[in-house]
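Below, all heavy atoms of this structure are taken into account, side chains as well, without hydrogens, waters or symmetry copies. Every chain is numbered from 1, with letters handed out A, B, ... down the list of sequences. Nothing here was measured: the structure is a model prediction, and the numbers come from that model.
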Number of protein chains: 2
Amino acid sequence: MKITLKQIECFLAVAEYGSFSGASKRLNTAQPALSQAIKDLEAELGVRLFDRTTRRVELTDAGREFQQSAAKVIEELEHAVESVHELAERKRGRLTVAAPPLLAAVVLPQAIAEFRRRFPGISVQIADVGTEQIVESVRNGKADCGIGTFQPSEEGIERVALVRDSLMLFCDEASPLNGSEPVCWSELADYPLVTLTRDSGIRLLVEVGFESCELPLKPAFEVAQVTTAIALVEAGLGVAVLPTYALAAARYRKVNGRQLVEPVISREIVLIHASGRSVSPAVQAFSQVIRRFAQQLTPQEAR
Amino acid sequence: MKITLKQIECFLAVAEYGSFSGASKRLNTAQPALSQAIKDLEAELGVRLFDRTTRRVELTDAGREFQQSAAKVIEELEHAVESVHELAERKRGRLTVAAPPLLAAVVLPQAIAEFRRRFPGISVQIADVGTEQIVESVRNGKADCGIGTFQPSEEGIERVALVRDSLMLFCDEASPLNGSEPVCWSELADYPLVTLTRDSGIRLLVEVGFESCELPLKPAFEVAQVTTAIALVEAGLGVAVLPTYALAAARYRKVNGRQLVEPVISREIVLIHASGRSVSPAVQAFSQVIRRFAQQLTPQEAR
DNA sequence: GCCAACTTATCGCGAAATGCTATGAATTAA
DNA sequence: TTAATTCATAGCATTTCGCGATAAGTTGGC
């Protein structure tokens with residue numbers, strides 16, 4: 001036989017109450033069950049825990065000692081359960097979000113702020129890494145989830161659509177392209193182009209756009225960071241095709257965004273998480289918050 | 001439903017082993033039982049503890065956290081059980097023995113020494129108090145047991161006979177009573193008598209002895225402590241009637257003990273413990289040791 | 001790309017335990 | 001002495017538990 005928690009709880013109740021029948025009422029159980037439980041527990045421990053006549057019940061020395069330890073054990077167990085419950089109820093937790101630098105800079109901060117308002121106990125960490133590393137981080141568990149644009153074919157990765165984002169033209173205020181009308185891809189032929197380096201997903205889409213107009217893509221500048229590209233555009237060194245949400249990074253800078261059509265090229269920004277792993281309560285909550293937030297953020301510019 | 005220790009043990013085994021089927025072998029249980037236990041535990045906690053495919057089992061964040069606490073809880077419980085086992089096996093414990101000063105001085109030290117040799121883990125405390133307080137101490141639990149001579153009629157007190165002890169005459173070496181033959185009570189008439197005060201049980205027996213010879217009891221000195229009485233005898237101020245075991249206190253002093261007959265007055269030295277209370281393992285052990293020790297100590301002089 | 005092997009989940013059944021009611025035994029208080 | 005209270009025991013119905021069999025799903029090899 002083996003000790004059970006129920007036995008220990010019965011023991012503590014009897015010890016505290018000083019009576020079997022009294023404790024049985026409190027435990028909502030019949031008194032014989034208590035007698036049995038204590039008997040079994042004593043047999044297991046090899047010591048008598050109570051001195052009991054039909055009239056008085058009091059702890060033996062061994063019982064007193066066991067009461068101390070048992071109470072501590074029960075309390076700790078309850079604390080452990082409570083802790084896990086807190087995780088489940090999102091009162092507490094940890095969340096690591098992997099995102100490319102631009103998203104990490106212009107979308108995440110506000111989304112996280114909203115998230116922390118709703119779940120103050122969950123601490124959020126950002127891993128601002130390259131797109132390739134995002135998938136890898138999520139796969140190996142370094143990040144709980146990631147946002148960005150990814151191939152749909154990734155293995156072991158679950159996708160949750162957040163928002164569609166169209167490519168947009170960014171030009172300086174003095175540029176002839178700056179106006180109120182949408183710009184066509186074909187109009188870009190005569191302007192020096194600032195692009196991202198070839199490992200960027202955006203670069204690929206830009207290439208698609210140029211191909212659709214049968215224009216050759218001859219970048220004047222190739223940079224890794226979107227913010228760098230915007231700075232170059234601001235300096236009048238060229239125009240850039242960037243995601244709509246780069247607008248947020250261009251705010252307060254002398255750069256304007258123009259709709260870019262024929263074709264409209266859009267890509268889906270998704271939240272990813274490992275499909276094998278269970279979706280932690282924190283990730284579930286974050287997924288909802290960022291989806292609502294992303295849709296509020298960009299609908300008028302993105303569509 | 002409620003969490004059980006079995007569930008926790010199953011959880012820890014699976015967590016450590018990283019596999020249900022592997023853990024099931026180690027726990028000597030079938031794999032479906034494990035699946036069920038973990039499922040129930042997860043339902044109770046409201047969180048998934050493992051990410052499991054049919055091929056891999058690994059802890060979730062919540063699972064990792066719960067593993068920490070659960071392991072600590074189990075370890076502490078096992079420690080508590082172990083502690084109580086030690087009490088039961090007399091590897092550890094506490095024992096308070098109440099005894100009148102003389103017994104505490106001349107019998108207990110050696111008995112306790114022997115006891116501690118056999119049960120090194122049990123700490124022994126002596127409460128050297130008056131005879132009246134001994135019964136009271138045992139009754140209210142301040143002492144686990146007591147030794148001495150007590151009325152058989154004491155309520156709520158269990159008696160275990162240790163040894164019979166006869167009254168003995170103590171005289172200085174120059175006394176005419178000093179010789180090799182037993183002394184009769186009637187011979188005491190002509191000598192100044194050192195007695196204990198009236199609250200002593202020995203004093204009562206001395207009175208009985210004098211009455212049996214129809215001699216008047218006219219103490220020359222009345223003292224509370226046996227050792228004081230022996231000192232007075234040694235100084236040649238009188239003779240004293242004391243228990244045989246007072247011989248041990250008279251060793252190395254110029255006082256001799258003589259058998260005292262017509263009548264031989266003996267009294268039973270008993271060990272007492274509270275009858276309501278359970279006899280703790282330590283008291284059981286001590287009872288045996290002191291009984292054997294007492295019988296070895298005094299048979300030739302006492303009988 | 002399909003098959004074989006391995007692992008976990010589910011199902012059904014039999015055995016064990018659990019807990020309750022009724023009853024007994026013992027002690028206290030009136 | 002009796003009545004009342006309290007813990008222990010017995011018998012019984014119910015629930016739970018754990019096992020075997022089987023299903024479902026994933027991985028790795030061919």
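In the helix from C:dG1-D:dC30 to C:dA30-D:dT1, the rotation axis of the first five pairs and that of the last five pairs differ in direction by 30°, rounded to 10 degrees.
The closest side-chain heavy-atom distance from B:Ile272 to B:Ile134 is below 4.5 Å. By the 4.5 Å heavy-atom criterion applied to side chains, B:Val129 and B:Glu136 are not counted as neighbours.
Contact annotation for A:Ala30: base contact, defined as any heavy-atom pair under 4.0 Å involving a base atom.
Each of A:Arg56 and A:Ala33 lies near DNA chain C, and the nucleotide nearest A:Ala33 is the one positioned closer to the 5' end.
Distance check: B:Thr149 OG1 to B:Asp165 CG gives 7.5 Å after rounding to the nearest 0.5 Å. Atom CD of B:Gln133 is separated from atom CZ of B:Arg139 by 13.0 Å, given to the nearest 0.5 angstrom.
The closest donor-acceptor contact from the side chain of A:Arg203 to the backbone of A:Thr197 lies at 3.5 Å or more, if one exists at all. Formation of a donor-acceptor pair under 3.5 Å by the A:Ser137 side chain with backbone atoms of A:Ala143 is not found in this model.
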Between protein and nucleotides 9-17 of chain D, what N or O pairs are separated by less than 3.5 Å?
none

Check nucleotides 4-6 of chain C for protein N or O atoms closer than 3.5 Å to its own N or O atoms and list the pairs.
residue	atom	partner	partner atom	Å
C:dC6	O4'	B:Arg55	NH1	3.4
C:dC6	O2	B:Arg55	NH1	3.0

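Atom CG of B:Asp51 is separated from atom C1' of C:dT7 by 16 Å (rounded to the nearest Å). Nucleotide C:dT7 holds its C1' atom 15 Å from the CD1 atom of B:Ile38, rounded to whole Å. Atom-to-atom, CD of B:Glu58 to P of C:dT8 comes out at 13 Å; the value is rounded to the nearest Å.
Using bins of under 30°, 30° to 60° and over 60° for the plane-to-plane angle, the ring pair A:Phe115/A:Phe286 lands in the perpendicular bin. Using a 30° and 60° split on the angle between ring planes, B:Phe20 and B:Phe50 fall in the perpendicular class, above 60°.
B:Ala99 is linked by a side-chain contact (heavy atoms from CB on, under 4.5 Å) to B:Leu103, B:Ala104, B:Leu108, B:Ile147, counting only residues two or more places apart in sequence or in another chain.
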Donor-acceptor contacts, no H, no angles, side chain residues 71-84 of chain B, under 3.5 Å, sequence neighbours left out:
residue	atom	partner	partner atom	Å
B:Ser83	OG	B:His79	O	3.2

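Side chain to side chain, A:Ser69 and A:Glu65 fail the donor-acceptor criterion of an N or O pair below 3.5 Å.
Near-neighbour residues of DNA chain D inside residues 15-27 of chain A, defined by a heavy atom below 4.0 Å, number-ordered: A:Ser19, A:Phe20, A:Ser21.
Put simply, B:Arg52 has a side-chain N or O that comes within less than 4.0 Å of OP1 or OP2 on C:dA9.
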